[in-house]
Number of protein chains: 2
Amino acid sequence: MENQDLRRVGLKVTLPRMKILEILEEAVQPHLSAEDIYRILLDSKEEIGLATIYRVLTQFETAGLVERHNFEGGQAVFEIDRGKHHDHLICVRCGKIVEFYDAEIEANQQKIADAEGFKITDHSLTIYGECSSESCKEGIK
Amino acid sequence: MENQDLRRVGLKVTLPRMKILEILEEAVQPHLSAEDIYRILLDSKEEIGLATIYRVLTQFETAGLVERHNFEGGQAVFEIDRGKHHDHLICVRCGKIVEFYDAEIEANQQKIADAEGFKITDHSLTIYGECSSESCKEGIK
DNA sequence: ATGTATGCAAAACATTTGCACCTGG
DNA sequence: CCAGGTGCAAATGTTTTGCATACAT
């Protein structure tokens with residue numbers, strides 16, 4: 001129950017926060033921009049200001065509930081943090097996003113950071129490419 | 001001689017372009033934002049508009065002369081492309097940037113993309129952490 | 001009640017664009 | 001000369017902020 005998640009991180013349980021958390025948890029495509037969330041809320045007749053969405057997402061990020069990704073293309077996207085670290089493969093044509101995890105890559109990153117005397121706080125690996133799905137090739141998107 | 005680089009990619013040799021290319025090639029810290037370049041030009045008494053810098057950098061990127069990186073923190077940074085691909089390790093405290101290359105990571109990325117049916121066009125790996133330099137620890141920056 | 005949260009509008013940024021003027025080949 | 005380049009100001013798109021009002025506890 002997400003109410004608990006909110007209380008646990010010290011945030012009051014309010015309607016905007018619950019709705020936004022719900023959308024992030026249930027989205028089919030879990031990588032959403034603030035604007036995406038705004039549109040989804042409008043579609044479900046919820047009147048929540050865009051400014052509130054940005055504020056809430058930033059609070060969620062600080063609280064560790066969501067991750068913010070700065071992929072190419074202007075808008076940041078947010079994704080619920082389910083505790084399983086992963087990186088992303090993004091199709092530059094259709095926008096499809098595939099998550100992946102590679103233990104060897106992770107290990108090598110650690111090795112490199114150690115060698116340079118860095119204590120890792122975060123890292124992001126994003127591979128851009130063209131996927132092979134039919135709909136993408138046809139440009140149907 | 002950078003005049004040749006410019007001609008080679010089909011750009012007229014103009015003062016702004018030469019100056020910007022020169023700055024990118026000679027900078028001690030080769031990862032510069034458009035604003036950084038603007039400031040450097042101002043310091044050397046060159047009156048070049050910020051809009052021109054953005055236009056020129058975008059042209060350079062298209063021509064393959066420079067790479068644009070979207071690290072965290074709003075501004076994109078540009079780096080001259082010397083043909084040697086590498087990734088970045090960035091200190092979140094003092095901003096220090098270390099470049100690295102790891103053949104195993106590269107190979108693993110290719111393996112993952114292949115497995116998902118993606119043809120890689122680009123990729124970016126950035127590790128954020130805290131470096132161990134004395135000046136950084138002391139917060140002198 | 002009271003400290004927080006929200007909504008709105010305005011501000012703040014980074015980046016792009018329109019347009020009149022200038023310049024390199 | 002003339003296509004292309006530049007400077008300036010204005011436009012854009014995203015994200016943040018100030019402030020008065022509304023809400024959770």
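Convention: sequence-line order gives letters A, B, ...; per-chain numbering from 1. All values below were derived from every heavy atom in this structure, side-chain atoms included, with hydrogens, water molecules and symmetry-related copies excluded.
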Can you give one letter per nucleotide of nucleotides 2-9 of chain C, going 5' to 3': B for a protein heavy atom under 4.0 Å from the base, S for sugar-phosphate only, - for none? -BSSSBBB
Are [X] and [Y] close enough that some pair of their side-chain heavy atoms sits under 4.5 Å apart?
X: A:Arg8; Y: A:Leu65; result: yes
X: A:Asp102; Y: B:Ile105; result: no
X: A:Glu72; Y: A:Ile90; result: no
X: B:Lys12; Y: B:Leu6; result: no
X: B:Leu21; Y: B:Val56; result: no

Name the first nucleotide and the last nucleotide along DNA chain D (5' to 3') that come under 4.0 Å of a heavy atom in chain A. D:dT14 to D:dT25
Tell me what B:Arg7 touches on the nucleic acid: a base, only sugar-phosphate, or nothing, going by heavy atoms under 4.0 Å. sugar-phosphate
Does A:Ala76 reach a base, just sugar-phosphate, or nothing at all? Heavy atoms under 4.0 Å. sugar-phosphate
Just the rounded figure in Å: distance from P of C:dT15 to CG of B:Leu32. 13 Å
Output the rounded distance in Å from CD (B:Gln75) to P (C:dT16). 13 Å
Which residue pairs pass the ring-ring contact (aromatic ring centres under 6.0 Å, His included) test when at least one of the two sits in residues 102-136 of chain B, sequence neighbours left out? B:His85-B:His123
Looking at five pairs on each end of the helix from C:dA1-D:dT25 to C:dG25-D:dC1, what is the angle between the two axes, given to 10 degrees? 30°
One thing to verify: whether A:Arg39 and A:Asp36 come together as a salt bridge, which I'm taking to mean a side-chain N less than 4.0 angstrom from a carboxylate O. no
List in chain and number order the residues that pass ring pair (Phe, Tyr, Trp, His ring centres under 6.0 Å) with A:His88, two or more places apart in sequence or in another chain; answer none if no residue qualifies. A:His31, A:His69, A:Phe71, A:His86
Sequence neighbours excluded, which residues qualify as side chain to side chain contact (heavy atoms under 4.5 Å, CB included) partners of A:Ile120? A:Gln110, A:Ala113, B:Ile127
Hey, could you give me the CG/CG distance between A:Leu11 and A:Asn3, rounded to the nearest 0.5 Å? 12.0 Å
